[in-house]
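Below you'll find the structure, written out as C-alpha coordinates, and then a few comments.
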Amino acid sequence: MTGNDRDGAQVSTGTTADAAAETAGIPELVIISGMSGAGRSTAAKCLEDLGWFVVDNLPPALIPTMVDLGARSQGNVARIAVVVDVRGRRFFDNLRESLADLAAKQVKRRVIFLEASDDALVRRFESVRRPHPLQGSGRIVDGIAAERDLLRELRGDADLVIDTSSLNVHELRAKMDAQFAGEEEPELRATVMSFGYKYGLPVDADLVVDCRFLPNPHWVPELRPFTGLNEEVSGYVFNQPGAKEFLDRYTELLQLIAAGYRREGKRYVTIAVGCTGGKHRSVAMSEKLAHRLVSEGVETVVVHRDMGRE
(Lines give C-alpha, C1' and ligand atoms only; values in the text may rest on other atoms or scores of the structure.)
Protein backbone atom coordinates (compact mmCIF):
# COMPACT_ATOMS: atom_id res chain seq x y z
CA MET A 1 0.00 0.00 0.00
CA THR A 2 1.26 3.47 -0.84
CA GLY A 3 0.14 7.00 -0.04
CA ASN A 4 0.85 10.45 -1.41
CA ASP A 5 2.96 13.06 0.36
CA ARG A 6 2.41 16.77 -0.02
CA ASP A 7 4.49 16.94 -3.22
CA GLY A 8 2.52 14.16 -4.86
CA ALA A 9 5.27 11.53 -4.61
CA GLN A 10 4.28 8.04 -3.57
CA VAL A 11 5.43 7.06 -0.07
CA SER A 12 5.49 3.54 1.34
CA THR A 13 3.33 2.98 4.40
CA GLY A 14 5.34 -0.04 5.54
CA THR A 15 3.85 -3.24 4.16
CA THR A 16 5.28 -6.63 5.11
CA ALA A 17 6.75 -7.00 1.62
CA ASP A 18 8.45 -3.63 1.91
CA ALA A 19 9.90 -4.53 5.29
CA ALA A 20 11.19 -7.87 3.99
CA ALA A 21 12.81 -6.19 1.00
CA GLU A 22 14.43 -3.60 3.23
CA THR A 23 15.80 -6.27 5.61
CA ALA A 24 17.11 -8.32 2.68
CA GLY A 25 19.26 -5.37 1.57
CA ILE A 26 20.90 -4.84 4.95
CA PRO A 27 24.56 -6.01 4.95
CA GLU A 28 25.87 -8.58 7.38
CA LEU A 29 28.01 -7.01 10.10
CA VAL A 30 30.97 -8.24 12.13
CA ILE A 31 32.38 -6.08 14.93
CA ILE A 32 36.01 -6.90 15.76
CA SER A 33 37.23 -5.76 19.15
CA GLY A 34 39.43 -6.94 21.99
CA MET A 35 42.75 -6.26 23.63
CA SER A 36 45.36 -4.07 21.96
CA GLY A 37 48.08 -6.38 20.67
CA ALA A 38 45.79 -9.44 20.56
CA GLY A 39 45.53 -9.54 16.76
CA ARG A 40 42.62 -7.32 15.74
CA SER A 41 44.43 -6.10 12.62
CA THR A 42 45.25 -9.65 11.55
CA ALA A 43 41.63 -10.71 12.01
CA ALA A 44 40.44 -7.70 10.02
CA LYS A 45 42.89 -8.40 7.17
CA CYS A 46 41.70 -11.99 7.04
CA LEU A 47 38.08 -10.88 6.59
CA GLU A 48 39.20 -8.37 3.96
CA ASP A 49 40.87 -11.22 2.06
CA LEU A 50 37.58 -13.13 2.26
CA GLY A 51 35.74 -10.27 0.55
CA TRP A 52 34.45 -8.29 3.50
CA PHE A 53 34.40 -4.48 3.42
CA VAL A 54 36.61 -3.58 6.41
CA VAL A 55 36.67 -0.28 8.32
CA ASP A 56 39.33 0.19 11.00
CA ASN A 57 38.86 2.28 14.14
CA LEU A 58 35.35 3.47 13.30
CA PRO A 59 33.69 5.36 16.18
CA PRO A 60 30.87 3.11 17.47
CA ALA A 61 28.28 5.87 17.01
CA LEU A 62 28.91 5.71 13.25
CA ILE A 63 28.36 1.95 12.88
CA PRO A 64 24.60 2.26 12.11
CA THR A 65 25.43 4.94 9.51
CA MET A 66 27.98 2.59 7.91
CA VAL A 67 25.36 -0.16 7.75
CA ASP A 68 22.85 2.25 6.19
CA LEU A 69 25.38 3.20 3.52
CA GLY A 70 25.99 -0.48 2.80
CA ALA A 71 22.24 -1.07 2.47
CA ARG A 72 22.13 1.63 -0.23
CA SER A 73 24.92 0.01 -2.24
CA GLN A 74 22.48 -2.25 -4.12
CA GLY A 75 24.25 -5.38 -2.93
CA ASN A 76 27.78 -4.19 -3.64
CA VAL A 77 28.58 -4.10 0.08
CA ALA A 78 26.93 -7.22 1.49
CA ARG A 79 29.34 -7.85 4.38
CA ILE A 80 30.94 -5.21 6.59
CA ALA A 81 33.59 -5.72 9.28
CA VAL A 82 34.28 -2.88 11.71
CA VAL A 83 37.25 -2.73 14.09
CA VAL A 84 36.28 -1.02 17.36
CA ASP A 85 38.86 -0.49 20.09
CA VAL A 86 40.04 1.83 22.83
CA ARG A 87 41.59 4.20 20.31
CA GLY A 88 38.01 5.49 19.99
CA ARG A 89 38.07 6.27 23.74
CA ARG A 90 35.20 8.70 24.37
CA PHE A 91 33.25 7.19 21.48
CA PHE A 92 33.44 3.72 22.99
CA ASP A 93 30.57 4.44 25.40
CA ASN A 94 28.27 4.75 22.37
CA LEU A 95 28.76 1.11 21.36
CA ARG A 96 25.87 -0.31 23.40
CA GLU A 97 23.51 2.31 21.98
CA SER A 98 24.67 1.48 18.47
CA LEU A 99 24.16 -2.26 19.05
CA ALA A 100 20.60 -1.58 20.23
CA ASP A 101 19.98 0.50 17.10
CA LEU A 102 21.27 -2.35 14.93
CA ALA A 103 19.03 -4.86 16.69
CA ALA A 104 16.00 -2.64 16.05
CA LYS A 105 16.89 -2.61 12.35
CA GLN A 106 17.22 -6.42 12.32
CA VAL A 107 20.86 -6.24 11.29
CA LYS A 108 22.61 -9.63 11.37
CA ARG A 109 25.66 -8.80 13.47
CA ARG A 110 28.37 -10.67 15.36
CA VAL A 111 30.93 -9.47 17.88
CA ILE A 112 34.39 -11.08 17.72
CA PHE A 113 36.64 -10.45 20.74
CA LEU A 114 40.41 -11.02 20.52
CA GLU A 115 41.96 -11.94 23.88
CA ALA A 116 45.49 -12.67 25.11
CA SER A 117 47.28 -13.12 28.42
CA ASP A 118 49.05 -10.21 30.11
CA ASP A 119 52.43 -11.87 29.56
CA ALA A 120 51.80 -12.31 25.84
CA LEU A 121 50.60 -8.72 25.42
CA VAL A 122 53.59 -7.29 27.29
CA ARG A 123 55.99 -9.28 25.10
CA ARG A 124 54.29 -8.04 21.95
CA PHE A 125 54.37 -4.39 22.96
CA GLU A 126 57.98 -4.65 24.05
CA SER A 127 58.97 -6.36 20.78
CA VAL A 128 57.64 -3.44 18.71
CA ARG A 129 58.78 -0.84 21.28
CA ARG A 130 55.44 0.91 21.34
CA PRO A 131 53.44 2.06 24.38
CA HIS A 132 50.03 0.69 25.20
CA PRO A 133 47.35 3.22 24.12
CA LEU A 134 46.03 3.49 27.69
CA GLN A 135 49.22 3.35 29.75
CA GLY A 136 49.79 7.11 29.82
CA SER A 137 52.77 7.82 32.08
CA GLY A 138 52.48 4.36 33.70
CA ARG A 139 53.67 0.92 32.68
CA ILE A 140 52.43 -1.35 29.90
CA VAL A 141 50.71 -3.56 32.48
CA ASP A 142 48.80 -0.53 33.76
CA GLY A 143 47.44 0.13 30.30
CA ILE A 144 46.49 -3.53 29.85
CA ALA A 145 44.63 -3.55 33.18
CA ALA A 146 42.74 -0.37 32.26
CA GLU A 147 41.80 -1.81 28.89
CA ARG A 148 40.55 -5.09 30.38
CA ASP A 149 38.33 -3.14 32.74
CA LEU A 150 36.97 -1.02 29.90
CA LEU A 151 36.25 -4.02 27.66
CA ARG A 152 34.95 -6.44 30.30
CA GLU A 153 31.27 -5.97 29.45
CA LEU A 154 31.85 -6.22 25.71
CA ARG A 155 33.84 -9.43 26.19
CA GLY A 156 30.94 -10.93 28.09
CA ASP A 157 28.54 -10.10 25.25
CA ALA A 158 30.83 -11.32 22.45
CA ASP A 159 29.63 -14.08 20.11
CA LEU A 160 33.14 -15.45 19.68
CA VAL A 161 36.21 -15.04 21.90
CA ILE A 162 39.59 -16.06 20.46
CA ASP A 163 42.60 -16.38 22.75
CA THR A 164 45.71 -15.57 20.72
CA SER A 165 48.25 -15.97 23.54
CA SER A 166 49.89 -19.00 21.95
CA LEU A 167 48.90 -18.33 18.33
CA ASN A 168 51.10 -16.96 15.58
CA VAL A 169 49.72 -14.87 12.71
CA HIS A 170 49.15 -17.89 10.47
CA GLU A 171 47.30 -19.83 13.18
CA LEU A 172 45.01 -16.87 13.88
CA ARG A 173 44.24 -16.54 10.19
CA ALA A 174 43.41 -20.26 10.10
CA LYS A 175 40.96 -19.80 12.97
CA MET A 176 39.28 -16.89 11.20
CA ASP A 177 39.12 -18.84 7.95
CA ALA A 178 37.51 -21.76 9.78
CA GLN A 179 34.78 -19.46 11.11
CA PHE A 180 34.10 -17.28 8.06
CA ALA A 181 35.30 -18.97 4.88
CA GLY A 182 32.28 -21.24 4.43
CA GLU A 183 29.79 -20.47 1.69
CA GLU A 184 26.81 -21.15 3.96
CA GLU A 185 26.58 -19.77 7.48
CA PRO A 186 25.79 -22.72 9.81
CA GLU A 187 23.35 -22.35 12.68
CA LEU A 188 26.05 -23.13 15.25
CA ARG A 189 29.78 -23.72 15.20
CA ALA A 190 31.59 -25.45 18.04
CA THR A 191 35.23 -25.69 19.02
CA VAL A 192 36.04 -28.59 21.31
CA MET A 193 39.37 -27.93 23.01
CA SER A 194 41.27 -30.37 25.19
CA PHE A 195 43.59 -28.79 27.76
CA GLY A 196 45.67 -29.53 30.84
CA TYR A 197 44.73 -27.92 34.15
CA LYS A 198 48.40 -27.62 35.06
CA TYR A 199 48.79 -25.20 32.13
CA GLY A 200 45.78 -23.07 33.10
CA LEU A 201 42.16 -22.73 32.01
CA PRO A 202 41.51 -21.56 28.42
CA VAL A 203 40.36 -17.96 28.70
CA ASP A 204 38.12 -18.25 25.62
CA ALA A 205 36.08 -21.21 26.89
CA ASP A 206 32.29 -20.87 27.12
CA LEU A 207 31.90 -24.25 28.85
CA VAL A 208 34.46 -26.25 30.84
CA VAL A 209 34.38 -30.03 31.38
CA ASP A 210 36.60 -31.74 33.98
CA CYS A 211 37.69 -35.31 33.16
CA ARG A 212 39.92 -35.75 36.20
CA PHE A 213 37.28 -37.98 37.82
CA LEU A 214 38.51 -40.76 35.49
CA PRO A 215 41.65 -42.83 36.18
CA ASN A 216 44.73 -41.34 34.54
CA PRO A 217 46.39 -43.44 31.79
CA HIS A 218 49.62 -41.66 32.71
CA TRP A 219 50.02 -44.17 35.54
CA VAL A 220 49.75 -47.14 33.16
CA PRO A 221 53.33 -47.64 31.91
CA GLU A 222 52.41 -49.10 28.53
CA LEU A 223 49.97 -46.21 27.84
CA ARG A 224 51.99 -43.30 29.20
CA PRO A 225 53.94 -42.54 25.97
CA PHE A 226 50.75 -42.29 23.88
CA THR A 227 47.94 -39.70 23.70
CA GLY A 228 44.17 -39.85 23.75
CA LEU A 229 44.25 -40.17 19.97
CA ASN A 230 45.61 -43.70 20.41
CA GLU A 231 42.96 -46.43 20.29
CA GLU A 232 44.36 -48.24 23.32
CA VAL A 233 44.33 -45.06 25.41
CA SER A 234 40.81 -44.12 24.28
CA GLY A 235 39.61 -47.65 25.00
CA TYR A 236 41.13 -47.53 28.47
CA VAL A 237 39.44 -44.19 29.22
CA PHE A 238 35.99 -45.24 28.05
CA ASN A 239 36.13 -48.61 29.78
CA GLN A 240 36.29 -46.81 33.12
CA PRO A 241 33.10 -46.61 35.22
CA GLY A 242 31.11 -43.51 34.41
CA ALA A 243 32.99 -42.49 31.24
CA LYS A 244 30.38 -43.53 28.68
CA GLU A 245 27.52 -42.36 30.89
CA PHE A 246 29.21 -38.98 31.30
CA LEU A 247 29.61 -38.63 27.52
CA ASP A 248 25.94 -39.54 26.95
CA ARG A 249 24.58 -37.16 29.58
CA TYR A 250 26.84 -34.27 28.67
CA THR A 251 25.86 -34.67 25.00
CA GLU A 252 22.22 -34.39 26.05
CA LEU A 253 23.04 -31.26 28.06
CA LEU A 254 24.81 -29.74 25.06
CA GLN A 255 21.73 -30.37 22.92
CA LEU A 256 19.73 -28.28 25.38
CA ILE A 257 22.38 -25.56 25.50
CA ALA A 258 22.77 -25.50 21.70
CA ALA A 259 19.03 -25.00 21.24
CA GLY A 260 19.19 -22.04 23.62
CA TYR A 261 22.21 -20.57 21.84
CA ARG A 262 20.37 -20.77 18.53
CA ARG A 263 17.33 -19.00 19.99
CA GLU A 264 19.57 -16.25 21.33
CA GLY A 265 21.42 -15.87 18.03
CA LYS A 266 24.74 -17.13 19.41
CA ARG A 267 26.61 -18.90 16.63
CA TYR A 268 29.84 -19.95 18.33
CA VAL A 269 30.63 -22.03 21.39
CA THR A 270 33.98 -23.20 22.74
CA ILE A 271 33.86 -26.29 24.94
CA ALA A 272 37.03 -26.86 26.95
CA VAL A 273 37.64 -30.44 28.13
CA GLY A 274 40.34 -30.71 30.77
CA CYS A 275 42.46 -33.28 32.55
CA THR A 276 45.72 -32.92 34.44
CA GLY A 277 48.15 -32.66 31.52
CA GLY A 278 45.88 -32.38 28.49
CA LYS A 279 47.35 -35.53 26.93
CA HIS A 280 45.18 -38.58 27.61
CA ARG A 281 41.69 -38.28 29.15
CA SER A 282 40.75 -34.85 27.83
CA VAL A 283 41.97 -35.68 24.32
CA ALA A 284 40.01 -38.94 24.18
CA MET A 285 36.86 -37.28 25.56
CA SER A 286 37.17 -34.31 23.18
CA GLU A 287 37.35 -36.58 20.16
CA LYS A 288 34.25 -38.53 21.17
CA LEU A 289 32.34 -35.37 22.11
CA ALA A 290 33.17 -33.72 18.79
CA HIS A 291 31.96 -36.81 16.95
CA ARG A 292 28.65 -36.62 18.82
CA LEU A 293 28.24 -32.92 17.98
CA VAL A 294 28.91 -33.54 14.30
CA SER A 295 26.27 -36.28 14.30
CA GLU A 296 23.84 -33.68 15.72
CA GLY A 297 24.53 -31.33 12.82
CA VAL A 298 26.88 -28.96 14.64
CA GLU A 299 29.91 -27.85 12.62
CA THR A 300 32.79 -28.76 14.95
CA VAL A 301 36.52 -28.16 15.12
CA VAL A 302 38.76 -30.07 17.56
CA VAL A 303 41.81 -28.40 19.08
CA HIS A 304 44.25 -30.16 21.44
CA ARG A 305 45.85 -27.17 23.12
CA ASP A 306 48.39 -28.83 25.38
CA MET A 307 49.05 -32.17 23.73
CA GLY A 308 52.80 -32.53 23.26
CA ARG A 309 53.80 -29.84 25.78
CA GLU A 310 55.17 -32.20 28.38
Side-chain angles (χ1 to χ4, degrees), residues 30-50 52-63 66 80-95 98 110-180 191 193 195-196 198-205 270 303 305-306 308-309:
V30 165
I31 298 173
I32 302 172
S33 190
M35 300 296 295
S36 299
R40 294 184 309 244
S41 296
T42 298
K45 289 177 182 177
C46 181
L47 290 183
E48 189 172 27
D49 291 343
L50 292 173
W52 290 67
F53 185 86
V54 177
V55 184
D56 191 14
N57 197 24
L58 184 72
L62 296 181
I63 294 177
M66 191 72 226
I80 297 174
V82 176
V83 180
V84 177
D85 54 61
V86 293
R87 288 176 293 174
R89 299 196 181 181
R90 61 192 178 92
F91 299 106
F92 201 85
D93 294 335
N94 297 326
L95 181 58
S98 294
R110 287 167 283 177
V111 177
I112 312 301
F113 193 95
L114 281 297
E115 172 69 276
S117 68
D118 287 3
D119 289 344
L121 294 175
V122 169
R123 286 196 303 271
R124 291 170 189 176
F125 276 105
E126 289 181 341
S127 69
V128 296
R129 299 183 179 180
R130 295 185 60 186
H132 188 281
L134 293 185
Q135 78 178 73
S137 59
R139 301 174 301 163
I140 292 176
V141 291
D142 297 325
I144 292 172
E147 187 175 34
R148 284 199 192 282
D149 185 63
L150 180 64
L151 297 179
R152 183 171 292 111
E153 187 174 352
L154 178 61
R155 186 191 188 284
D157 291 338
D159 297 287
L160 175 64
V161 178
I162 300 178
D163 179 16
T164 68
S165 301
S166 59
L167 300 181
N168 60 36
V169 172
H170 305 292
E171 290 168 334
L172 175 55
R173 290 185 67 92
K175 275 183 171 286
M176 292 295 295
D177 284 341
Q179 299 296 343
F180 292 97
T191 297
M193 177 190 300
F195 73 96
K198 69 180 182 179
Y199 300 113
L201 286 169
V203 298
D204 52 348
T270 298
V303 177
R305 191 192 74 174
D306 298 324
R309 288 186 66 173

ask   = Quick check: does any side chain N or O of Asp142 sit under 3.5 Å from a backbone N or O of Arg139, one acting as donor and the other as acceptor?
value =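 Here the side-chain-to-backbone pair exists.
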What distance separates [X] [atom1] from [Y] [atom2], expressed to the nearest 0.5 Å?
| X | Y | atom1 | atom2 | value |
| --- | --- | --- | --- | --- |
| Arg155 | Met35 | CZ | CE | 10.0 Å |
| Ile140 | Glu126 | CD1 | CD | 5.0 Å |
| Met66 | Ser98 | CE | OG | 13.5 Å |

Exercise: identify the closest heavy-atom pair between [X] and [Y]:
| X | Y | result |
| --- | --- | --- |
| Leu58 | Val84 | O-CG2, 4.0 Å |
| Leu151 | Ser33 | CD2-OG, 4.3 Å |
| Leu114 | Ala43 | CD2-CB, 4.3 Å |
| Gly200 | Arg305 | O-NH2, 2.6 Å |

So [Y] and [X], do their side chains get closer than 4.5 Å, heavy atoms only?
| X | Y | answer |
| --- | --- | --- |
| Asp204 | Glu115 | no |
| Leu154 | Val111 | yes |
| Arg148 | Asp118 | yes |
| Leu47 | Ile32 | yes |
| Leu95 | Ile63 | yes |

query = Under 6.0 Å from the six-membered ring centre of Tyr199 and within 45° of its axis: does the NZ or CZ of Arg309 meet both?
reply =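 That pair qualifies as a cation-pi contact.
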query = Listed by chain and number, what are the salt bridge (charged side-chain N to carboxylate O under 4.0 Å, His left out) partners of Arg129, not counting sequence neighbours?
reply =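 Not a single residue meets the salt bridge (charged side-chain N to carboxylate O under 4.0 Å, His left out) criterion with Arg129.
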message = Going by the rule salt bridge (charged side-chain N to carboxylate O under 4.0 Å, His left out), which residues pair with Glu48 if we only count those two or more places apart in sequence or in a different chain?
response =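 Per chain and number, Glu48 pairs via salt bridge (charged side-chain N to carboxylate O under 4.0 Å, His left out) with no residue.
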Between Arg124 and Thr164: side-chain donor-acceptor atoms closer than 3.5 Å =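 Their side chains do contain a donor-acceptor pair, which is all the 3.5 Å distance test asks for.
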Residue list, side-chain contact (heavy atoms from CB on, under 4.5 Å) with Leu201, at least two apart or on another chain =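 side-chain contact (heavy atoms from CB on, under 4.5 Å) check on Leu201 returns Phe195, Tyr197, Val208.
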message = Test of understanding: with side-chain contact (heavy atoms from CB on, under 4.5 Å), list the residues that count as partners of Asp119, not counting sequence neighbours.
response =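 Applying side-chain contact (heavy atoms from CB on, under 4.5 Å) to Asp119 gives Ser117, Arg123.
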query = Which residue pairs pass the salt bridge (Lys or Arg N to Asp or Glu O under 4.0 Å) test when at least one of the two sits in residues 165-175, sequence neighbours left out?
reply =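 Only Asp49-Arg173 qualify under salt bridge (Lys or Arg N to Asp or Glu O under 4.0 Å).
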task = Can you run down the salt bridge (Lys or Arg N to Asp or Glu O under 4.0 Å) pairs that involve residues 161-170, sequence neighbours left out, and say none if there aren't any?
result = none
query = How far apart are the C-alpha atoms of Leu121 and Ser36, what are their side-chain angles, what is the distance that settles it, and do they pass the side-chain contact (heavy atoms from CB on, under 4.5 Å) test?
reply = CA-CA 8 Å; Leu121 294 175; Ser36 299; over 6 Å; no
ask   = Taking the inter-plane angle between the rings of Phe180 and Trp52 on a 0 to 90° scale, is it parallel (under 30°), tilted (30 to 60°) or perpendicular (over 60°)?
value = perpendicular
Test applied, side-chain contact (heavy atoms from CB on, under 4.5 Å); reference residue, Gln179; option that passes from Asp159, Leu160, Ile162 = Leu160
ask   = Is the shortest side-chain N to carboxylate O distance from Lys198 to Asp306 below 4.0 Å?
value = no
